[in-house]
Amino acid sequence: MADSSSYLIFETAGGPCGIAWNAAGVTRFQLPGEDAETTRRLLLRRAPGAAPGEPPQFVAAAVEAVQRYFAGEPADFSAVPLDLSGQDDFFRAVYAAARKVPWGRTTTYGALARELGAGPEAARDVGQAMAKNPVALIIPCHRVLAAGGKVGGFSAPGGATSKVRMLALEGISFAPPAPAQQSFGF
């Protein structure tokens with residue numbers, strides 16, 4: 001039954017992660033917290049009523065991919081079945097577009113809005129969808145940047161710092177900006 005939800009807290013090189021699922025697919029994903037109890041608490045805040053469970057094959061495969069990801073190895077989550085039944089149509093469209101952004105690549109909120117046939121004003125709506133992403137990493141919201149390739153926000157623990165670290169695992173770095181003016185020493 002799709003209403004019955006289970007969860008698992010598991011270790012990665014980045015720290016303990018959490019995943020919740022039902023018969024239809026993964027419903028929630030929790031990026032690493034400071035410890036397993038914090039991760040569990042954060043996950044269950046958004047997956048109330050979920051009970052510890054033995055993961056079915058599709059969840060076990062997702063867990064293995066997450067562990068590879070945090071070990072710095074390429075991981076593809078595009079085949080992980082998701083249950084996004086609580087999301088509106090626009091958010092589901094944004095999430096489907098974001099899932100197509102592969103390892104080591106980025107896009108912007110505005111580019112995703114254009115891809116969906118919406119104008120530049122919809123970039124904020126794309127940003128809202130990313131902020132409410134129930135399965136961060138599996139839907140790679142960390143690969144969606146602000147205009148001009150700026151990091152932008154990140155609603156996961158650690159905020160933008162976590163986003164930069166995740167992108168670094170994929171070989172994407174953000175160099176500090178060059179000084180606008182050089183000093184001539186006087």
Side-chain angles (χ1 to χ4, degrees), residues 1-88 91-92 94-96 98-99 101-103 106 126-145 151-170 172:
M1 170 176 233
D3 299 84
S4 178
S5 183
S6 299
Y7 77 91
L8 175 71
I9 304 299
F10 60 97
E11 288 298 322
T12 73
C17 290
I19 191 166
W21 68 91
N22 61 28
V26 174
T27 57
R28 295 284 173 188
F29 181 77
Q30 183 61 52
L31 288 165
E34 24 184 280
D35 56 50
E37 181 52 32
T38 300
T39 299
R40 186 186 71 75
R41 190 177 68 254
L42 290 170
L43 178 70
L44 292 179
R45 185 181 301 160
R46 291 192 168 78
E54 188 64 34
Q57 179 53 40
F58 74 91
V59 173
V63 166
E64 288 173 14
V66 170
Q67 289 170 326
R68 282 194 310 276
Y69 179 89
F70 283 107
E73 300 169 21
D76 179 9
F77 300 99
S78 62
V80 174
L82 302 176
D83 180 357
L84 300 175
S85 57
Q87 304 293 324
D88 70 32
F91 277 25
R92 281 198 299 265
V94 169
Y95 296 148
R99 279 188 98 179
V101 180
W103 169 276
T106 61
V126 170
Q128 287 300 308
M130 294 294 101
K132 294 179 179 175
N133 179 359
V135 288
L137 183 59
I138 296 171
I139 295 173
C141 54
H142 65 285
R143 296 179 186 146
V144 183
L145 306 176
V151 174
F154 198 53
S155 59
T161 300
S162 291
K163 185 174 187 173
V164 168
R165 285 185 186 142
M166 290 172 70
L167 290 170
L169 287 172
E170 299 183 36
I172 300 167

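When reading the values below, keep in mind they use all heavy atoms of this one structure, side chains included, and skip hydrogens, waters and symmetry mates. All residue numbers in this chain count up from 1 along the given sequence.
Contact detail for Phe58 and Val26: the closest heavy-atom pair is CE1-N, 3.8 Å. Between Phe77 and Ala65, the closest heavy-atom pair is CE2-CB, 3.4 Å. Listed here is the closest heavy atom pair of Cys17 and Leu31: SG-C, 4.2 Å. Of all the heavy atoms in Val144 and Lys163, the pair that sits closest is O-NZ, 2.7 Å. Between Ala129 and Val94 the shortest heavy-atom distance is CB-CG1, 3.8 Å. Summarising the geometry of Asp83 relative to Ser85, their closest heavy-atom pair is OD1-OG, 2.8 Å, with the distance given to 0.1 Å.
Summarising the geometry, atom CZ belonging to Arg28 is positioned 15.0 Å from atom CH2 belonging to Trp21; distances are rounded to the nearest 0.5 Å. Considering CD of Glu170 and OG1 of Thr106, their distance stands at 9.5 Å, rounded to 0.5 Å. Here CG of Leu42 is found 9.5 Å from CD of Glu37. Values are rounded to the nearest 0.5 Å. One distance of note links CG of Asp35 with CZ of Arg40; it measures 10.5 Å at 0.5 Å rounding. Residue Ile9 holds its CD1 atom at 11.0 Å from CZ of Arg41, rounded to the nearest 0.5 Å. Interatomic distance, Glu73 CD to Gln67 CD, rounded to the nearest 0.5 Å: 10.5 Å.
In this structure, the side chains of Leu167 and Leu145 come closer than 4.5 Å at one or more pairs of heavy atoms. Looking at Thr27 and Ser5, their side chains come closer than 4.5 Å, going by heavy atoms from C-beta outward. Taking the side chain as every heavy atom from C-beta outward, Pro134 and Leu84 approach each other to under 4.5 Å. Contact of the Leu137 side chain with the Met166 side chain is registered, since non-hydrogen atoms from C-beta on lie closer than 4.5 Å. Ile138 places a side-chain heavy atom less than 4.5 Å from the side chain of Arg99.
Remark: side-chain polar atoms of Arg68 are not paired, donor with acceptor, to backbone N or O of Asp76 under 3.5 angstrom. A distance-only check finds a donor-acceptor pair linking the side chain of Asn133 to the backbone of Ile139 [under 3.5 Å]. A donor-acceptor pair is defined here as one N or O able to donate and one able to accept, closer than 3.5 Å; no such pair exists between the side chain of Arg143 and the backbone of Ala98. Between the side chain of Thr39 and the main chain of Pro16, a donor-acceptor pair closer than 3.5 Å is present.
Using cut-offs of 30° and 60° for the angle between ring planes, the Phe10 and Phe29 rings count as tilted. Between Tyr69 and Trp103, the angle of the ring planes goes over 60°, which puts this pair in the perpendicular group of the 30/60° scheme.
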